[in-house]
Every structure is written in C-alpha cells, then in structure tokens.
Amino acid sequence: MITVTHNPAAARFEASVDGLLSVADYALQGGVMTLHHTFVPTALRGRGVAAALVHEALAHARSRGLKVEPACSYVASYMQRHPETQDLHA
C-alpha cells in the first residue's frame, strides 16, 4: 500500500516508498489547483506511485471544491483515463 501525505507548506503531495520520495507539485490560485509536475524516481516507476499521488491530489481538490488544471502530462492522462474526474477539470 502506498501512503500519500499532503505537504501544504511545500505545495505538494508526497509518497515515500523504499526510502525514495515521489511528489506531485501544485499551485493554488483562486479556486483552481494547477498540478504542475509529478516525479517518481526511476526505481519506483511502474508500481502505481504516480497514480496514488494524483488520486490523492484529486480527492483533496474535490473535498475542497477546487477545480484542477492538469499542467502535468501524467495528470492530464490520468484524468482522461478516469472519467469520474472530468467534473474537476478547470
């Protein structure tokens, strides 16, 4: 199981797996959360870490009534593959 935490001071969601840090960075402006970048170390790729980060970021946005601007190609792809997130799209 991948545990994702919100680090509002750094404006990112984080997951530490096998001692390696993965992040999804965002910026808030008005009622829009722009997800700029998702980073997963090479050693962790293909294990669902990026999906867990984005899932948690989108859940956070939904719970706070925010819209999401997917500036990161991975986030855009994730939202396209998950039609239940389309209502979040800014």
Side-chain angles (χ1 to χ4, degrees):
M1 175 133 199
I2 299 166
T3 301
V4 176
T5 57
H6 182 210
N7 181 344
R12 67 187 189 186
F13 291 85
E14 304 172 338
S16 181
V17 177
D18 296 342
L20 300 172
L21 183 66
S22 299
V23 300
D25 297 313
Y26 69 87
L28 289 176
Q29 185 171 8
V32 178
M33 173 189 279
T34 301
L35 287 161
H36 290 289
H37 181 67
T38 303
F39 171 76
V40 176
T42 304
L44 299 178
R45 292 186 184 157
R47 294 174 56 180
V49 178
L53 287 165
V54 173
H55 175 81
E56 188 62 31
L58 296 177
H60 175 83
R62 184 179 303 285
S63 72
R64 285 167 177 68
L66 301 171
K67 292 295 185 182
V68 175
E69 180 61 39
C72 166
S73 61
Y74 181 83
V75 176
S77 175
Y78 180 96
M79 290 181 78
Q80 196 169 36
R81 289 190 319 268
H82 294 88
E84 70 277 9
T85 67
Q86 292 306 300
D87 63 313
L88 293 172
H89 208 284

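- In the hydrophobic cluster analysis, where Ile, Leu, Val, Met, Phe, Trp and Tyr join through side-chain heavy atoms closer than 4.5 angstrom, V17 is grouped apart from L21.
- In this structure, the side chains of L58 and M79 come closer than 4.5 Å at one or more pairs of heavy atoms.
- Scored by the side-chain contact (heavy atoms from CB on, under 4.5 Å) test, A10 finds N7, R12 as partners (sequence neighbours excluded).
- Every residue meeting the side-chain contact (heavy atoms from CB on, under 4.5 Å) condition with A15, not counting sequence neighbours, appears here in chain and number order: I2, V4, V49, L53.
- V23 places none of its side-chain heavy atoms less than 4.5 Å from the side chain of F13.
- In this structure, T85 and H89 have side chains that are not in contact, with every pair of non-hydrogen atoms separated by 4.5 Å or more.
- Taking all atoms of both residues into account, the shortest heavy-atom contact from A71 to T34 is CB-CG2, 3.8 Å.
- In terms of heavy atoms, P41 sits closest to S22 at CD-OG, 3.2 Å.
- Side-chain contact between V75 and T38: present, with at least one pair of heavy atoms (C-beta onward) separated by less than 4.5 Å.
- Applying the salt bridge (charged side-chain N to carboxylate O under 4.0 Å, His left out) test to pairs two or more places apart or on separate chains, those with a residue in residues 58-85 are R62-D87.
- Here ring-ring contact (aromatic ring centres under 6.0 Å, His included) pairs that include residues 28-52, with residues two or more places apart or in two chains, number zero.
- Taking the ring-ring contact (aromatic ring centres under 6.0 Å, His included) definition, one finds that Y78 meets it with H82, sequence neighbours left out.
- The hydrophobic clustering, which links ILVMFWY residues whose side-chain heavy atoms are closer than 4.5 Å, places L20 and Y74 together.
- Without hydrogens or angle criteria, E14 side chain to H6 main chain gives no donor-acceptor distance under 3.5 Å.
- Every residue two or more places apart in sequence or in another chain that forms a side-chain contact (heavy atoms from CB on, under 4.5 Å) with A11 is listed here: Y26.
- Inter-residue side-chain proximity for V68 and L35 is flagged as met; some heavy-atom pair is nearer than 4.5 Å.
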